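Read through the structure below, which is laid out as structure tokens, and then see the notes.
Computed over heavy atoms, backbone and side chain alike; hydrogens, waters and symmetry mates excluded. Both ligands and their constituent atoms are indexed starting at 1 by order of listing. Remember, predicted model here, so these are calculated numbers, not experimental data.
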Amino acid sequence: MSTSAILGLQWGDEGKGKLVDALCAEHDFCVRFQGGGNAGHTVYPGGQKIVLHHLPTGVLHSGCTNVLGSGMVIDPIRLIDEIDEVEGRGFKLKDRLIISDRASITTPLHLLLDSGREEGGGKIGTTKRGIGPTYADRYDRIAVRACDLIDKTSLKEALERARAVRASQINKPPTVSDMLPALLKAGERLKPYIADAALVLCEAVKENKRILYEGAQGAMLDIAYGTYPFVTSSHTLTGGIPAGIGSWTDVKRVIGVSKAYCTRVGEGPFPTELPKAEGDRLREKGGEYGATTGRPRRVGWIDLFALRYICKIAGVTEIAITKLDVLSGLGDLKVGVGYEGYAHPGLPADIRAFSALKPTYKALPGWKDNISAVRKPEDLPAAARSYLRFVEEFVGVRIGLISVGPERDAAFVVRGAPKG
Ligand code: IMP
């Protein structure tokens, strides 16, 4: 199959980076279509940890061309830091990186707007990377775009346009002359990479190149289908791909990634969240601290009802379960299978109704054995196999991959249902 996508099925941090890394080896292109520096995809090439924020994970594979699609918002200063870090580790990006000339640019105005909003009322718990305000400017038609970075007059005009609208919302807004030199310098550095990414991808599709779309954040953070307003500002679901790359594409394989349990950072409802003491144990065991902000993540049981809904609307063709090893030794396990008195097949759109959901659980036996060295489904303990089978049957989508540790090789493919 020539086109695949990897998407988070929860509130981000499902371990997508590692799976994308594994799949990049068999793809010619790795493409980000939404989000920006809010993402934190952690990968361990050669055993050394690296966290990618803007750059597609394919940068770690010499045979992979990497695209930052027009659906992204890009902080050029941070992107250059990332490029330097990746190249410093020996992964050269010459002729392997394309930045859409239509992607929106995060400026100091957006960073200040984001932190100002977070510190004022109506906290969302954002990463403070300027994501929401940059997307807001795009739709308000006052954005700075990547193409502006490489032309002084265009950049100056774009900054003036944005500043005229946003300055009154910021305490001590920077002037255009404060912002211009650093952004121009960034533009000079990024110029060789800025191009019409939609055209490049159309050609790639025509030539039957193998393309991997790398989702960031997760389905429950989708701007339309997530727990609005406690969401990110982009379309994290499959529907975000065509708009975020600028051309039509038919994605054959949609891999939805879910932890064997569930986590969330930031504010907003999380029906299956564990009370503090129980949550602490799982958080420590799973090392659940944000890759971008270092914030402790909220933790809870997997919510299969939500997963089933998301898989349906995202057209997920297979599920990847990550961090199964973290559940070892926890005793009996629970999985969310619905909500008290709630008969609707989908999730509520209204945040008050969503926040009022009280989960109902199915208890499943746990297992004691350390499974981090397991590389075949049949070598998993019987209780782990039944756990996975329950997930698969409830959600109605097959589990195709299982990950049992952070290392590149600590994952395996499952063909059909895990046998009990
Ligand atoms: P923003 O994307 O920084 O505007 O943050 C909006 C919400 O999305 C907040 O709850 C963030 O914690 C969450 N979020 C953004 N990016 C990620 C991510 O990569 N992983 C997990 N949560 C994220």
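An N or O contact shorter than 3.5 Å links Asn38 to ligand 1 by distance. For ligand 1, one of its N or O atoms has an N or O atom of Thr127 under 3.5 Å away. At under 3.5 Å, not a single nitrogen or oxygen of Glu267, backbone or side chain, sits near a nitrogen or oxygen of ligand 1. For ligand 1, one of its N or O atoms has an N or O atom of Val265 under 3.5 Å away.
For the pairing with Glu288, the salt bridge (charged side-chain N to carboxylate O under 4.0 Å, His left out) check across Arg283, Lys323, Arg298, Arg295 returns one residue only, Lys323.
Every atom of ligand 1 is numbered from 1 in the order shown, and the set under 4.0 Å from a heavy atom of Ile124 is 10 (O). For ligand 1, the atoms closer than 4.0 angstrom to any heavy atom of Ala39 are 19 (O). Atoms of ligand 1 lying under 4.0 Å from at least one heavy atom of Trp11, given by number and element, are 21 (C), 22 (N).
Using bins of under 30°, 30° to 60° and over 60° for the plane-to-plane angle, the ring pair Phe270/Trp11 lands in the tilted bin.
The closest protein non-hydrogen atom to atom 5 (O) of ligand 1 is Thr126 CA, 3.3 Å. For atom 17 (C) of ligand 1, the closest non-hydrogen atom on the protein side is Gln217 CG, 3.5 Å. Among protein heavy atoms, atom 8 (O) of ligand 1 sits closest to Leu221 CD2, 3.6 Å. Here the heavy atom of the protein found nearest to atom 7 (C) of ligand 1 is Val231 O, 3.7 Å. If you check which protein heavy atom lies closest to atom 11 (C) of ligand 1, you get Gly125 O, 3.4 Å. Of all protein heavy atoms, the one lying nearest to atom 21 (C) of ligand 1 is Asp13 OD2, 3.1 Å. Counting protein heavy atoms only, atom 12 (O) of ligand 1 is closest to Arg295 NH2, 2.9 Å. Ranking protein heavy atoms by distance to atom 2 (O) of ligand 1, first place goes to Thr232 OG1, 2.6 Å.
Surrounding NZ of Lys92 are more than 12 heavy atoms belonging to other residues, nucleotides or ligands, all under 6.0 Å away.
Judged by distance alone, the side chains of Thr249 and Tyr213 do bring a donor and an acceptor atom under 3.5 Å apart. Side chain to side chain, Arg264 and Thr227 meet the donor-acceptor criterion of an N or O pair below 3.5 Å. For the 3.5 Å distance criterion, the side chains of Gln34 and His235 fail to qualify, holding no donor opposite an acceptor.
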Fill in: Test log, rule side chain to side chain contact (heavy atoms under 4.5 Å, CB included), inputs Val335 and Thr272
CA-CA 9 Å; Val335 293; Thr272 57; over 6 Å; no

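The pair Arg161-Glu157 does not count as a salt bridge, with every side-chain nitrogen at least 4.0 angstrom from each carboxylate oxygen.
Remark: side-chain polar atoms of Asp28 are not paired, donor with acceptor, to backbone N or O of Lys209 under 3.5 angstrom.
Cation-pi geometry between Lys358 and Tyr339 is not satisfied (NZ or CZ under 6.0 Å from the ring centre, within 45° of the ring normal).
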